[in-house]
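We name chains A, B, ... by the order of the sequence lines, and we start the count at 1 in each one. Bear in mind the structure is a predicted one, so any value in this text is a computation, not a measurement. As a basis for the values below, the full set of heavy atoms in this structure was taken, side chains included, without hydrogen atoms, waters or symmetry mates.
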2 protein chains.
Amino acid sequence: MELADGWGLDAVTMQGVAGRIGVTPMALYRLVASKADLLDGLVELFLTELPTPADDLPQDEQLAAMADGLRQVARRHPAVTPLLLQRPATTPGSKQVRQAVYGRLAAAGVDADKIARVERLMSTAILGFLASEAGGRLSHHPRRVLDEDFLALQRMLGAFIADQSTGEGR
Amino acid sequence: MELADGWGLDAVTMQGVAGRIGVTPMALYRLVASKADLLDGLVELFLTELPTPADDLPQDEQLAAMADGLRQVARRHPAVTPLLLQRPATTPGSKQVRQAVYGRLAAAGVDADKIARVERLMSTAILGFLASEAGGRLSHHPRRVLDEDFLALQRMLGAFIADQSTGEGR
DNA sequence: ACCTGAACACCGTTCAAGT
DNA sequence: ACCTGAACACCGTTCAAGT
């Protein structure tokens, strides 16, 4: 992760990582099955850094806090962020985060049969934005513009959640 | 592009492309400045395949048609799709597509000062979904589920557009 | 059990040389 | 003008060999 943060994802090579921990490249194959496996480990590491919002916050603020936390981790690890969209969302870390979102969507009043879809669209939209931001697709815009974009994105998702809920709003 | 479609993005190497057109790798440097330049060409090629919806459709259907067209091209070129999020949206192809969306958002009644932001959030959410679909993050779901996801995404964006407009809806 | 040396088949890129 | 040969410094990965 230090290698990715400091020198970009291209610096994360078997030889690079091996050198970083003072060992030959072949020794790494005792720890990971392949380079893809190593990159999956990077994604898991990313996910473990996500903060868990306090339980006593209102539900919509908890979801907003999770989105903000995701963006902060993405800002710390921009080289790793695009990987989140490219690996199956079935690893332990992914599942844990998803379950946390499920719980908060349920508490927010989203119909049980819509929760999974709402979670997919939310994560997809947020990760798409963060990958764009980290990958450089939007980096020609000043930070302030992107901050407001992210706020607008959160409001859009908030409206969508309300729309998929019964018992409040419409 | 044929190489990417048939064998994945990893098969798009200087040597692979050179072999494909019957030339040595070094000869490619007369046509592209670097491998990154070659990949940018792939993205441009992708964008030129986007269909232009008929002008006589209602505005919301034109936007839906553009989204559908984007998804169809993404399905033809899944290996290239993730690249769209990773390159600056400043190439000729990107600008042309963006201007087309601007025009349709204006016609849909979106306030002039909000058009650029709405376009960024729309493209970000759609590309995020298509990259997830193409990259395998969601590929453990059956096609039917993803089709419905995409429809829900379009409805969410439609509601967002209406929300950013004056003179109709709320 | 854990690591290494040597090797293999690749990469992107350069530079001088050929026609 | 356009392409090639030879070379360089890298890749990921394997396998047999060392301790």
Side-chain angles (χ1 to χ4, degrees), chain A residues 1-47 77-88 90-94 131 134-137 139, chain B residues 1-47 77-88 90-94 131 134-137 139:
Chain A
M1 187 63 101
E2 291 171 9
L3 228 38
D5 292 344
W7 307 100
L9 200 60
D10 287 350
V12 182
T13 65
M14 298 302 272
Q15 356 258 330
V17 173
R20 189 79 178 68
I21 61 179
V23 104
T24 59
M26 318 71 141
L28 293 183
Y29 285 88
R30 295 202 49 76
L31 310 173
V32 296
S34 62
K35 182 170 180 198
D37 191 27
L38 188 153
L39 294 179
D40 283 348
L42 228 38
V43 171
E44 288 295 291
L45 210 50
F46 180 109
L47 292 172
H77 308 298
V80 176
T81 303
L83 289 182
L84 297 221
L85 278 176
Q86 293 172 29
R87 306 298 310 157
T90 52
T91 63
S94 293
R137 193 176 82 96
S139 63
Chain B
M1 186 63 101
E2 289 171 10
L3 227 38
D5 293 343
W7 307 99
L9 201 60
D10 287 350
V12 183
T13 65
M14 298 302 273
Q15 356 258 329
V17 173
R20 189 78 177 69
I21 61 179
V23 103
T24 59
M26 318 71 141
L28 293 183
Y29 285 89
R30 296 202 49 75
L31 310 173
V32 295
S34 63
K35 183 171 179 197
D37 191 27
L38 188 154
L39 294 180
D40 283 347
L42 227 39
V43 171
E44 287 295 291
L45 210 50
F46 180 109
L47 293 172
H77 307 299
V80 176
T81 302
L83 289 182
L84 297 221
L85 277 176
Q86 293 174 28
R87 306 298 311 157
T90 53
T91 63
S94 291
R137 193 176 82 97
S139 63

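Protein chain A contacts DNA chain C over a range whose 5' and 3' limits, counting nucleotides with an atom under 4.0 angstrom from a non-hydrogen atom, are dC2(C) to dA6(C).
In this structure, the side chains of Leu84(A) and Leu47(A) come closer than 4.5 Å at one or more pairs of heavy atoms. In this structure, the side chains of Val80(A) and Leu39(A) stay at 4.5 Å or more apart for every pair of heavy atoms.
Residues forming a side-chain hydrogen bond (donor to acceptor under 3.5 Å, both in side chains) with Asp37(B) (at least two apart in sequence, or on another chain): none. Taking the side-chain contact (heavy atoms from CB on, under 4.5 Å) definition, one finds that Leu45(B) meets it with Met1(B), Thr48(B), sequence neighbours left out. With sequence neighbours left out, the side-chain hydrogen bond (donor to acceptor under 3.5 Å, both in side chains) criterion links Thr91(A) to Glu44(A), Ser94(A). The side-chain contact (heavy atoms from CB on, under 4.5 Å) check on Pro78(B) picks up Ala134(B), with sequence neighbours excluded.
Applying the salt bridge (charged side-chain N to carboxylate O under 4.0 Å, His left out) definition to pairs two or more places apart or across chains, none involves residues 22-33 of chain B. Identified under the side chain to side chain donor-acceptor pair (under 3.5 Å) test for residues 15-28 of chain B, with sequence neighbours left out: Glu2(B)-Arg20(B). Pairs of residues two or more places apart, or lying in two chains, never qualify as salt bridge (charged side-chain N to carboxylate O under 4.0 Å, His left out) while including a residue from residues 8-19 of chain A.
Residues from residues 15-27 of chain A that place a heavy atom under 4.0 Å from any atom of DNA chain D, listed by number: Gln15(A), Met26(A).
Going from atom OG1 of Thr13(A) over to atom CG of Leu3(A) covers 7.0 Å, rounded to the nearest 0.5 Å.
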Which nucleotides of DNA chain C pair, in dot-bracket form (Watson-Crick or G-U under 3.5 Å, | meaning another strand): ||.|||||...|||||.||
